[in-house]
Amino acid sequence: MVNRSRILGFVFLVWLAAGLGLYELTAKSPQLTGAALPGWWAAEEAEKATRWRPPTGLMPLDKVLHEGEEAARFYAALVAFRPARGVHLR
């Protein structure tokens with residue numbers, strides 16, 4: 001049972017890290033690749049909507065919490081995206 005809990009915890013942390021990494025890659029894509037990746041607009045919205053408020057006073061932890069909040073807003077914006085009428089996505 002302990003091994004399953006550790007494995008599930010590890011898988012959960014990997015998924016969180018991958019999600020945060022994908023958000024960061026999308027947000028920084030214009031500087032990294034010279035072109036914005038699809039969804040970059042959502043990363044911009046998340047960046048503008050998230051204020052810096054360090055709750056713990058520990059810079060590394062506060063940075064992770066801040067970036068996590070931005071990533072959550074990014075994914076929420078992507079899920080809420082609805083194409084305009086007459087636009088068909090294939």
Side-chain angles (χ1 to χ4, degrees):
M1 184 66 171
V2 173
N3 285 337
R4 281 189 185 170
S5 298
R6 284 184 182 180
I7 291 170
L8 287 175
F10 179 74
V11 168
F12 181 71
L13 288 176
V14 169
W15 275 99
L16 284 177
L20 189 58
L22 183 60
Y23 159 70
E24 285 295 327
L25 178 64
T26 304
K28 307 276 189 278
S29 64
Q31 296 91 2
L32 295 174
T33 65
L37 289 175
W40 179 78
W41 60 270
E44 275 296 295
E45 284 183 12
E47 183 110 11
K48 290 176 186 174
T50 308
R51 291 184 21 209
W52 172 252
R53 340 175 252 268
T56 68
L58 299 170
M59 184 59 92
L61 180 58
D62 289 338
K63 186 71 171 161
V64 168
L65 292 173
H66 175 77
E67 294 300 324
E69 184 178 348
E70 283 182 355
R73 290 178 192 266
F74 165 73
Y75 289 111
L78 289 179
V79 171
F81 173 70
R82 299 290 180 261
R85 287 187 137 190
V87 175
H88 299 286
L89 299 177
R90 294 179 188 210

For residues 14-32, which side-chain N or O atoms pair as donor and acceptor with protein atoms under 3.5 Å away, sequence neighbours left out?
from	atom 1	to	atom 2	distance (Å)
Tyr23	OH	Glu70	OE1	2.7
Glu24	OE1	Lys28	NZ	3.2
Thr26	OG1	Leu22	O	2.9
Ser29	OG	Thr26	O	2.9
Ser29	OG	Leu37	N	3.0

> Which atom names give the shortest non-hydrogen contact between Gly39 and Leu78, and what distance separates them?
Replying inline: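 Between these two residues, the closest heavy atoms are CA-CD2, 4.0 Å.
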> If you look at every heavy atom in Asp62 and Gly57, which pair is closest and at what distance?
Replying inline: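 Residues Asp62 and Gly57, closest heavy atoms: OD2-N, 3.0 Å.
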>> List the residues meeting side-chain contact (heavy atoms from CB on, under 4.5 Å) with Pro38, not counting sequence neighbours, and say none if there are none.
In response: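 Pro38: no side-chain contact (heavy atoms from CB on, under 4.5 Å) contacts found.
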>> Can you list everything that forms a side-chain contact (heavy atoms from CB on, under 4.5 Å) with Arg51? Sequence neighbours excluded, please.
In response: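 In terms of side-chain contact (heavy atoms from CB on, under 4.5 Å), with neighbours along the sequence ignored, Arg51 is linked to Arg53.
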>> What's the separation between atom CD in Glu47 and atom CZ in Phe74, rounded to the nearest 0.5 Å?
In response: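 It is 12.0 Å, given to the nearest 0.5 Å.
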>> Rounded at 0.5 Å granularity, tell me how far OG1 in Thr50 sits from CZ in Arg73.
In response: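 That separation rounds to 4.0 Å.
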>> Tell me which pairs pass salt bridge (Lys or Arg N to Asp or Glu O under 4.0 Å) where either residue lies in residues 30-44, with sequence neighbours left out.
In response: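 Sorted pair list comes back empty.
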> For Thr33, what residues pass the side-chain hydrogen bond (donor to acceptor under 3.5 Å, both in side chains) criterion, not counting sequence neighbours?
Replying inline: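 For Thr33, no residue satisfies side-chain hydrogen bond (donor to acceptor under 3.5 Å, both in side chains) once neighbours in sequence are set aside.
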> What residues join Met59 in its hydrophobic cluster, counting side-chain heavy atom gaps under 4.5 Å, either direct or through other members?
Replying inline: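 Direct or chained contacts put Met59 with Trp52.
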